[in-house]
Colleague: 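Here you go, one structure.
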Amino acid sequence: MTTPRLRHRRGRLGAAVSGLAVTALTVALAVPAAAAGSTLQAAAGESGRYFGTAIAANRLSDSTYSTIANREFNMITAENEMKMDATEPNQNQFSYGNADRIVNWARSNGKQVRGHALAWHSQQPGWMQNMSGTSLRNAMLNHVTQVATYYRGKIHSWDVVNEAFADGSSGGRRDSNLQRTGNDWIEAAFRAARAADPNAKLCYNDYNTDNWSHAKTQGVYNMVRDFKSRGVPIDCVGFQAHFNSGNPVPSNYDVTLRNFAALGVDVQITELDIEGSGSSQAQQYQGVVQACLSVARCTGITVWGVRDSDSWRASGTPLLFDGSGNKKAAYTSVLNQLNAGGTTTPTQNPTTPNPTPTTPPPTGGGSCTATYSEGQKWNDRFNGTVTIRANTNISGWQSTVTVRSPQRIIATWSGSPSWDSSGNVMTMRPSGSGALSAGQTTSFGFTVQHGGNWAWPSVTCSAS
Ligand code: XIL
């Protein structure tokens with residue numbers, strides 16, 4: 001069972017406005033809008049989800065690009081830099097320079113990383129394309145082991161196997177050199193990945209699997225069901241979600257996501273782009289977000305690039321920012337839909353009551369005070385809010401939030417975070433001006449992945 005987000009909000013408001021006339025209710029309903037996330041990561045974070053993008057290492061030096069990426073997204077996928085041809089250009093010679101550039105940028109900015117992809121028929125290095133049989137199987141498993149070991153502990157989710165099913169009506173596997181090594185190549189790859197990085201979520205990722213009635217969707221579904229029943233280690237299914245007029249967002253998308261989730265895996269939208277423009281594009285984006293928010297185990301959405309001009313399908317203008325970095329109508333519809341919330345919050349575990357954390361006292365910091373208050377809780381994470389109160393007129397503030405191992409902050413909103421090298425101490429600064437007059441308050445929020453430790457973070461404030 002999950003907590004309906006809308007009901008939760010109405011519950012809070014209901015208490016606040018009880019006894020007021022209906023006209024006053026309209027005014028009161030505007031209150032949460034003021035607290036709504038103003039970026040994609042903030043708005044998604046309110047329901048415990050992430051919002052990500054693909055990043056190309058050679059664009060990080062473009063400040064328009066990196067500014068938008070840093071502000072809006074908290075989950076990063078390397079667009080090409082972690083693929084087999086990039087990471088093992090010669091057999092047994094691994095090359096991580098460009099991948100590391102992206103991973104380091106993401107982590108130093110407090111973001112998580114989706115690994116993409118360990119085994120795939122496409123973008124193989126030349127030496128692998130010419131291999132077959134046992135030597136190819138062993139080379140593939142060695143690649144999975146080496147790369148997943150190198151990035152162990154740094155990856156939220158790995159696309160262990162990408163695009164292994166055929167298009168069309170067969171519902172079967174795609175022919176490839178890897179497939180010809182034996183039908184069990186996929187499960188062998190998953191087992192190798194689990195052994196190399198036991199804490200990363202392991203995903204199967206594919207395209208044209210969005211429509212529940214398509215044979216390819218059913219083929220992947222049957223494989224995941226089989227894996228779960230036989231204990232093959234799989235944690236998630238990625239839906240690439242590359243849409244255009246010939247392949248529109250299906251009206252049964254939520255059904256597909258819900259049915260996969262019911263197998264006991266998370267589902268993620270991993271490479272979203274929708275060709276088009278204006279309100280029709282905006283509506284289709286809204287539909288995808290709505291479908292994800294309606295499924296408890298749909299834990300996040302990643303778009304496949306920042307600006308239209310960065311897209312692999314640039315001529316189809318499929319992304320949320322135009323070539324100049326302006327927000328498109330599609331951006332606004334995604335943000336609004338994220339802020340409207342869904343009918344579910346992710347991965348609730350109703351059978352395990354959440355222990356009540358100990359309450360830390362508010363911490364004074366000269367002329368401002370930081371107070372922590374708890375937000376929503378899930379089985380693996382919780383949200384918190386820090387309220388900053390100015391004790392005197394101040395022109396700026398900064399606040400530290402210290403979490404306790406193995407806790408990690410995985411999302412933030414309404415502030416500009418930076419991190420110490422341990423990753424345990426986040427320093428939050430105001431996104432805009434931090435000026436507050438005496439008695440005024442402002443707040444920021446974050447999500448903590450608690451790893452079993454429910455202690456509240458300690459918070460401080462210092463003012464300038
Ligand atoms: C694409 C990249 O965006 C391009 O830059 C590259 O030339 C080809 O690959 N499915 C996937 C992604 O899983 O890795 C692909 O990315 C897009 C389709």
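Each ligand, and each atom within it, is numbered from 1 in the order the structure gives.
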Colleague: Please determine whether a side-chain nitrogen of the Lys or Arg among Asp100 and Lys154 lies less than 4.0 Å from a carboxylate oxygen of the Asp or Glu.
Modeller: no
Colleague: Should Arg230 and Glu187 be marked as a salt bridge (charged side-chain N to carboxylate O under 4.0 Å, His left out) after you check the CA-CA gap, both sets of side-chain angles, and the distance that decides it?
Modeller: CA-CA 10 Å; Arg230 290 189 295 113; Glu187 59 196 84; 2.9 Å; yes
Colleague: I'd like to know if the side chain of Gln179 pairs up with that of Trp185 as donor and acceptor (distance under 3.5 Å, no hydrogens or angles considered).
Modeller: yes
Colleague: Name the residues with a heavy atom less than 4.0 Å from ligand 1?
Modeller: Glu79, Asn80, Lys83, His116, Trp120, Gln123, Asn162, Glu163, Gln240, His242, Glu271, Trp304, Trp312
Colleague: Classify the side-chain pair Ser431/Arg71 by whether it contains a donor and acceptor separated by less than 3.5 Å.
Modeller: no
Colleague: For residues 311-321, dump all side-chain donor-acceptor pairs below 3.5 Å to protein atoms at least two apart in sequence or in another chain.
Modeller:
residue: Ser311; atom: OG; partner: Arg313; partner atom: N; Å: 2.8
residue: Trp312; atom: NE1; partner: Asp273; partner atom: OD2; Å: 2.9
residue: Thr317; atom: OG1; partner: Gly276; partner atom: O; Å: 2.8

Colleague: For the residue pair Ala117 and Asn162, what are the closest heavy atoms and their distance?
Modeller: CB-CB, 4.0 Å
